[in-house]
Amino acid sequence: MFTKDHKLIAPSILSADFARLAEEVAAVEAAGADVIHVDVMDGHFVPNLTIGPVVVEWLRKVTRLPLDCHLMITDPDRYIGEFVAAGADCITVHQEACPHLHRTVQLIREEGAKAGRKVMTGVSINPATPVETLSEILPDCDLVLIMSVNPGFGGQKFIPGALDKVRRLRRMVDERRLSTYIEIDGGIKADNIAQVAKAGVDVFVAGSAVFNADDYGASIGALKAAV
Ligand code: DX5
Ligand code: ZN
């Protein structure tokens with residue numbers, strides 16, 4: 001499970017070698033990763049296609065790290081049960097994709113309870129969506145994911161406006177004495193992670209910064225050292 005004991009590094013397998021996924025996940029686990037971030041894209045909500053519950057099911061067999069499933073898909077309610085059954089530990093949906101966000105978040109909780117385990121509820125917002133829009137749903141979220149790029153692709157540049165959104169969200173969480181994790185996704189590198197951590201982030205997704213290196217121990221080590 002996730003922990004508040006230290007900052008968490010969550011390599012995104014979007015930048016891994018998909019033909020050797022088990023090896024790649026084992027390698028980042030050995031290199032000190034805390035969470036495995038799984039980017040699910042449907043070609044509708046975002047202009048890219050990736051993977052579904054079948055891959056999560058196989059990943060569950062090869063790692064003990066929490067599987068953090070980031071659903072960049074329209075109508076996620078249709079698939080939440082399948083992701084829970086496959087072994088997801090956290091399911092994050094997009095606010096922009098859910099007209100009945102409260103119902104969707106409860107569905108994640110209920111499917112987890114049905115499966116006899118705690119599945120964390122996550123809500124993500126795109127760069128143009130204000131954090132204030134989460135005011136009502138915040139107490140029901142175990143995690144909020146702030147996108148610091150437009151979702152769809154790895155290797156994009158960090159959008160600086162995300163920093164102030166993190167600060168505002170941190171204030172909302174602390175003022176209301178909630179224990180919500182704040183996660184950031186997109187353009188995180190060793191040279192900006194400290195600044196982002198200072199704004200109040202708990203969980204750092206990093207795709208290209210981890211996998212576009214020859215030595216994952218070095219790339220994850222650099223992120224951990226900087227944070
Ligand atoms: C983008 C995905 C990210 C992506 C991050 O839509 O949600 O998780 O893999 O990649 P980097 O760290 O390379 O920006
Ligand atoms: Zn992601």
Side-chain angles (χ1 to χ4, degrees), residues 1-41 46 48 50-72 83 86-92 120 122 124 142-158 162 166 181-197 201-227:
M1 259 307 137
F2 285 41
T3 173
K4 282 267 166 78
D5 295 350
H6 54 89
K7 304 280 186 185
L8 304 176
I9 304 294
S12 160
I13 58 167
L14 187 60
S15 291
D17 178 345
F18 273 64
R20 298 189 303 108
L21 203 47
E23 282 167 53
E24 293 274 72
V25 167
V28 291
E29 183 168 359
D34 300 294
V35 169
I36 299 296
H37 185 80
V38 181
D39 286 308
V40 177
M41 305 186 185
V46 290
N48 196 3
T50 56
I51 56 177
V54 176
V55 174
V56 173
E57 197 178 329
W58 284 99
L59 287 176
R60 184 68 294 162
K61 301 180 206 284
V62 300
T63 181
R64 289 161 61 187
L65 295 180
L67 296 173
D68 174 28
C69 298
H70 178 194
L71 307 192
M72 287 161 275
F83 279 100
D89 295 287
C90 178
I91 297 183
T92 298
M120 289 171 64
S124 182
D142 296 312
L143 176 146
V144 171
L145 170 54
I146 306 271
M147 288 306 302
S148 40
V149 297
N150 286 296
F153 303 94
Q156 303 181 78
K157 212 171 155 316
F158 183 86
V166 170
Y181 286 90
I182 301 180
E183 183 176 38
I184 196 139
D185 186 0
I188 295 298
K189 309 279 173 205
D191 65 8
N192 63 11
I193 194 169
Q195 199 187 7
V196 178
V201 168
D202 306 296
V203 188
F204 302 82
V205 177
S208 48
V210 169
F211 285 102
N212 292 4
D214 295 327
D215 178 351
Y216 300 160
S219 58
I220 293 175
L223 292 169
K224 288 200 161 185
V227 88

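Residue numbers count from 1 along this sequence. None of the values given here were measured: they were computed from a predicted structure.
Rounding to the nearest 0.5 Å gives a distance of 6.0 Å between CD of Glu183 and OG1 of Thr92. Here the CG-CE distance, from Asp142 to Met1, works out to 9.0 Å after rounding to the nearest 0.5 Å. Expressed to the nearest 0.5 Å, how far CZ of Phe211 lies from CG of Leu14 amounts to 10.0 Å. Taken to the nearest 0.5 Å, the OG1 atom of Thr63 stands 13.0 Å off from the CD atom of Glu24. Atom CD1 of Ile13 is separated from atom CD1 of Ile36 by 7.5 Å, given to the nearest 0.5 angstrom. Rounding to the nearest 0.5 Å gives a distance of 6.0 Å between SG of Cys69 and CD1 of Ile91.
Under the 4.5 Å side-chain criterion, counting only non-hydrogen atoms from C-beta, Leu8 is in contact with Thr3. Counting heavy atoms from C-beta on, the side chains of Val46 and Phe153 never come closer than 4.5 Å. Side-chain atoms of Val38 and Val55, non-hydrogen and from C-beta on, never get closer than 4.5 Å to each other. You'll find the side chain of Phe18 reaches within 4.5 Å of the side chain of Ile51, heavy atoms only. Residues Lys189 and Ser208 form a side-chain contact, since some pair of their non-hydrogen atoms from C-beta on lies under 4.5 Å apart. No side-chain heavy atom of Val203 sits under 4.5 Å from any side-chain heavy atom of Ile182.
Between Met72 and Pro151, the shortest heavy-atom distance links the atoms SD-CB, 3.6 Å. The shortest non-hydrogen separation linking Leu223 to Ala190 is CD2-N, 3.5 Å. Scanning all heavy atoms of the two residues, the minimum distance from Leu143 to Leu145 falls at CD2-N, 4.0 Å. Considering every non-hydrogen atom in both Pro11 and Val35, the closest pair reads CD-O, 3.1 Å. When all heavy atoms are compared, the tightest approach of Ala226 to Ala194 is O-CB, 3.4 Å. Of all heavy-atom pairs spanning Ile188 and Val205, the tightest one is CB-O, 3.5 Å.
Ser124 is linked by a side-chain hydrogen bond (donor to acceptor under 3.5 Å, both in side chains) to His94, counting only residues two or more places apart in sequence or in another chain. Considering only residues two or more places apart in sequence or on other chains, Phe158 meets the ring-ring contact (aromatic ring centres under 6.0 Å, His included) condition with none of them. Under the salt bridge (Lys or Arg N to Asp or Glu O under 4.0 Å) criterion, Lys224 pairs with Asp34, not counting sequence neighbours. Here His37 pairs with His70 under the ring-ring contact (aromatic ring centres under 6.0 Å, His included) rule; sequence neighbours left out. The side-chain contact (heavy atoms from CB on, under 4.5 Å) search around Asn150 returns Pro127, Ile159, not counting sequence neighbours. For Ala31, the side-chain contact (heavy atoms from CB on, under 4.5 Å) partners two or more places apart in sequence, or in a different chain, are Tyr216, Ile220. Qualifying side-chain contact (heavy atoms from CB on, under 4.5 Å) partners for Val227, counting only residues two or more places apart in sequence or in other chains: Lys7, Ile193, Ala197, Phe204. With sequence neighbours left out, the salt bridge (Lys or Arg N to Asp or Glu O under 4.0 Å) criterion links Asp202 to Arg170. The side-chain hydrogen bond (donor to acceptor under 3.5 Å, both in side chains) test applied to Asn192 returns no partner, not counting sequence neighbours. For the ring-ring contact (aromatic ring centres under 6.0 Å, His included) test, residues two or more places apart in sequence or in another chain that qualify with Phe2 are Tyr181.
Under a 3.5 Å cut-off, the side chain of Asn48 and the backbone N or O of Gly152 do form a donor-acceptor pair. The main-chain N or O of Met41 is found under 3.5 Å from a side-chain atom of Thr50 such that the two form a donor-acceptor pair.
Evaluation of the side-chain hydrogen bond (donor to acceptor under 3.5 Å, both in side chains) test over residues 8-20, restricted to residues two or more places apart or in two chains, returns Ser12-Asp39, Asp17-Arg20, Arg20-Glu23. Applying the salt bridge (charged side-chain N to carboxylate O under 4.0 Å, His left out) test to residues at least two apart or on different chains, the pairs with a partner in residues 51-70 are Arg60-Asp89.
With a 6.0 Å radius and a threshold of 12 heavy atoms from other residues, nucleotides or ligands, Lys157 has its NZ atom at or below the threshold.
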